[in-house]
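Remember, it's 1-based here, ligands and their atoms both numbered in the order they're listed. Any value given below was found using the heavy atoms of this structure, including those in side chains, with hydrogens, waters and symmetry copies removed.
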Amino acid sequence: MESRTHADKCILAQHCSLAGSDKCNALCSSYIAVHGHNAAGGRVAAANIPSDYQKATLQNSPARKDQAAAYSVIDSYVNTFQRQFNEGSERIKSLYLVSASPGTGKTTTAVAVLNEWIVRHYIGSVQRGLSPKERPAFFLDVNAWQTDYNTFNRPRVPDHIAEPAAERYYRYQSAASSAPFAVLDDIGVRDASEAFRADLHAVINARVTEGLPTVYTSNVAIEDLALVFDARLADRVRDMCLVVPFKGGSKRGIRI
Ligand SMILES: Nc1ncnc2c1ncn2[C@@H]1O[C@H](COP(=O)(O)OP(=O)(O)O)[C@@H](O)[C@H]1O
Ligand SMILES: [Mg+2]
């Protein structure tokens, strides 16, 4: 049934005093700031979250129950997000969400954490009389990014194929390097050329150097990352990073 209000469509609802009221609708300025007109813009679209995952929050995540230990760490972790407003405070850590098996809820959870950042950045900025950033967070699907790389680096690829892939590749590289918060989804899963690895390393290096928090998801134990990439990259990922294991087998295809 179509609900009367926008509370179930808006990631701010959990924290919003207007949620569920007659002011909770598509014309709400905060709803538009976060989700855009027709739910196709705002900070959520700017974050580049894949559509299947866009509405994920820590509260509605299907993985919350099965991954109780992980969620208890993450629930406390997100409270450190308020440090973004305190110049000179302790750095906000990064997270490494890891399981050997796919389908344990890592990407869903990474998006939920990213959405939490958007919410806390938006509300915290408004409360302090600051303008919320247009792109407070960015989601990089490392596999898709590598596919773009391979597309424009194939021999004799026609320009109309290579150019959009290259344009997107460098745009994403820049956004992922500089966004105040980022998800790097599925690092370390495929064979990577030296040049692609260098670009991924540059993104991670830029973020760590600037003290920008990142959620990594991976099927590779953090100790083995040096085998997949190299020791330098593995060290950079480990910098100020909480490892959060996800347990069990794949829950893909389960409808709840
Ligand atoms: N514990 C769970 N219970 C039910 N469904 C789950 C659970 N964990 C994940 N899912 C669902 O399985 C699918 C894959 O989850 P995803 O977050 O992409 O996993 P991963 O990134 O670990 O491969 C999604 O549709 C998600 O909603
Ligand atoms: Mg995933």
For [X], counting its heavy atoms only, list the atoms of ligand 1 lying under 4.0 Å from any of them.
X	answer
K106	17 (O), 19 (O), 20 (P), 21 (O), 22 (O), 23 (O)
P62	1 (N), 2 (C), 3 (N), 4 (C), 5 (N), 27 (O)
P102	23 (O)
T108	15 (O), 16 (P), 17 (O), 26 (C)
Y53	16 (P), 17 (O), 18 (O)
T104	8 (N), 19 (O), 20 (P), 22 (O)
D66	1 (N), 2 (C), 3 (N)

Nitrogen or oxygen atoms of [X] and ligand 1 under 3.5 Å apart:
X	value
G105	yes
T109	no
G103	yes

For N115 and T57, which I'm curious about, is there any donor-acceptor pair between the side chains at under 3.5 Å?
no
Check whether the side chains of T217 and Y96 place a donor and an acceptor atom closer than 3.5 Å, and report yes or no.
no
Y169 and F196 aromatic ring geometry - parallel, tilted or perpendicular at 30°/60° bounds:
tilted
Name the orientation class of the two ring planes belonging to H35 and Y31 (parallel below 30°, tilted from 30 to 60°, perpendicular beyond 60°).
tilted
One thing to verify: whether D148 and R171 come together as a salt bridge, which I'm taking to mean a side-chain N less than 4.0 angstrom from a carboxylate O.
no
Does the distance from a Lys or Arg side-chain N to an Asp or Glu carboxylate O, for D235 and R232, drop under 4.0 Å?
no
Around N38, counting heavy atoms of other residues, nucleotides and ligands shown, do more than 12 lie under 6.0 Å from its CG?
no
Kindly check if the number of other-residue, nucleotide or ligand heavy atoms within 6.0 Å of NE2 (H37) is above 12?
no
Please confirm if an N, O or S atom belonging to T217, backbone or side chain, lies less than 2.8 Å from the Mg ion (ligand 2).
no
